[in-house]
Amino acid sequence: MSRKILVDADACPVKSIIVDFARNYKMNVMMFVDVNHEINDGYSEVVVVDQGRDSVDFKLIAKVCPGDIVVTQDYGVAAIALSKKAMVIHQSGLIYTKYNIENLLNERYYSQKTRHMGMRSKRPSKRTKEEDDNFAISLKKIIEEPMN
């Protein structure tokens with residue numbers, strides 16, 4: 001069974017980088033989106049799901065196999081994919097591991113708690129070329145890492 005790249009693609013800014021790498025390494029790509037998004041890159045298998053809270057996440061997780069590569073900015077999806085023995089990467093280039101996921105989930109929890117108390121969190125900054133470069137470096141590293 002060959003590994004594939006699964007992408008939480010609704011708001012993913014690195015889809016073209018993923019497709020370029022997938023073509024070069026002859027890997028399959030599955031882009032998961034809800035009905036409000038349209039992708040047609042000429043390469044990826046696009047999986048469209050109904051709009052709904054976490055519907056894309058649930059469908060993506062159902063398709064993950066050990067050794068697959070998952071691209072997501074959702075720490076919950078990352079944690080579940082790691083538990084299924086996938087390799088997981090954030091769109092910024094951060095590689096999720098069993099060593100950093102707990103802290104990331106805790107940060108998310110405290111950020112949500114702060115927002116529920118009426119406090120504002122800072123807005124994400126505009127995407128930079130450096131983030132794209134970091135993502136490409138990390139994706140290459142993951143792709144070239146031997147499967148266990």
Side-chain angles (χ1 to χ4, degrees), residues 3-22 25 27-39 41 44-148:
R3 67 200 301 204
K4 59 194 174 297
I5 302 173
L6 297 94
V7 184
D8 186 351
D10 280 344
C12 181
V14 292
K15 292 185 284 283
S16 63
I17 297 171
I18 294 165
V19 170
D20 289 345
F21 271 89
Y25 286 90
M27 296 178 72
N28 293 331
V29 176
M30 296 177 75
M31 299 274 185
F32 293 82
V33 295
D34 70 27
V35 294
N36 294 316
H37 297 85
E38 188 174 318
I39 296 175
D41 59 34
S44 304
E45 174 186 347
V46 179
V47 179
V48 180
V49 300
D50 288 334
Q51 182 181 3
R53 182 174 168 88
D54 302 324
S55 59
V56 168
D57 301 342
F58 293 135
K59 188 68 168 186
L60 185 152
I61 288 300
K63 297 289 186 180
V64 173
C65 295
D68 284 346
I69 297 170
V70 174
V71 180
T72 184
Q73 63 180 339
D74 184 308
Y75 298 161
V77 171
I80 296 168
L82 285 170
S83 75
K84 293 183 84 169
K85 307 290 188 236
M87 303 176 84
V88 191
I89 183 173
H90 187 277
Q91 63 194 25
S92 68
L94 171 71
I95 298 172
Y96 298 102
T97 68
K98 64 182 178 181
Y99 303 107
N100 66 14
I101 194 65
E102 186 173 348
N103 285 336
L104 293 167
L105 288 167
N106 283 332
E107 286 176 22
R108 181 181 76 168
Y109 168 76
Y110 287 113
S111 291
Q112 287 174 342
K113 196 171 180 176
T114 300
R115 283 191 302 276
H116 288 305
M117 292 173 23
M119 302 169 99
R120 293 186 182 261
S121 57
K122 66 178 184 176
R123 291 201 168 272
S125 56
K126 187 171 167 79
R127 183 142 188 103
T128 65
K129 181 177 179 342
E130 182 180 18
E131 287 175 305
D132 288 346
D133 294 344
N134 288 339
F135 177 79
I137 290 166
S138 294
L139 183 59
K140 183 178 194 301
K141 178 181 175 183
I142 285 178
I143 289 172
E144 292 180 351
E145 191 170 300
M147 288 176 44
N148 294 340

Heavy-atom pair of closest approach, residues V29 and A22: CG2-CB, 3.2 Å
I18 side chain near C12 side chain, heavy-atom distance below 4.5 Å: yes
Contact check, side chains of D41 and M31, non-hydrogen atoms, under 4.5 Å: yes
Distance-minimising heavy-atom pair for F58 and R53: CE1-O, 4.2 Å
Contact summary for K63 and D68, nearest pair of heavy atoms: O-OD2, 3.8 Å
Nearest heavy atoms of A9 and I39, plus distance in Å: CB-CD1, 3.7 Å
Backbone N/O of S55 and side chain of D34: donor-acceptor pair under 3.5 Å: no
Reported OH-to-CG distance for the pair Y25 and D20, which is rounded to 0.5 angstrom: 12.0 Å
Interatomic distance, Q91 atom CD to T72 atom OG1 [nearest 0.5 angstrom]: 8.0 Å
Reported CD-to-CG distance for the pair Q73 and D10, which is rounded to 0.5 angstrom: 10.0 Å
Contact check, side chains of V19 and S16, non-hydrogen atoms, under 4.5 Å: no
Least distance between heavy atoms, Y96 atom then I89 atom: CE1-C, 3.6 Å
Shortest non-hydrogen contact from L82 toward K98: CD1-N, 4.3 Å
NZ-CD distance between K126 and E131, expressed to the nearest 0.5 angstrom: 11.0 Å
Partner residues of E144 under the salt bridge (charged side-chain N to carboxylate O under 4.0 Å, His left out) criterion, sequence neighbours left out: K140
Minimum side-chain heavy-atom gap D132-V14 below 4.5 Å: yes
Under 3.5 Å: donor-acceptor pair, side chain of K84, backbone of I61: yes
Side chains of K4 and C65 in contact at under 4.5 Å (non-hydrogen atoms): yes
Separation between CD1 of I142 and CD1 of I5, rounded to the nearest 0.5 Å: 9.5 Å
Nearest-0.5 Å distance that lies between atom CG in D8 and atom CE in M30: 13.0 Å
Polar side-chain atom of R3 near backbone of M27 as donor-acceptor pair, under 3.5 Å: no
4.5 Å side-chain heavy-atom contact, E145 and I69: no
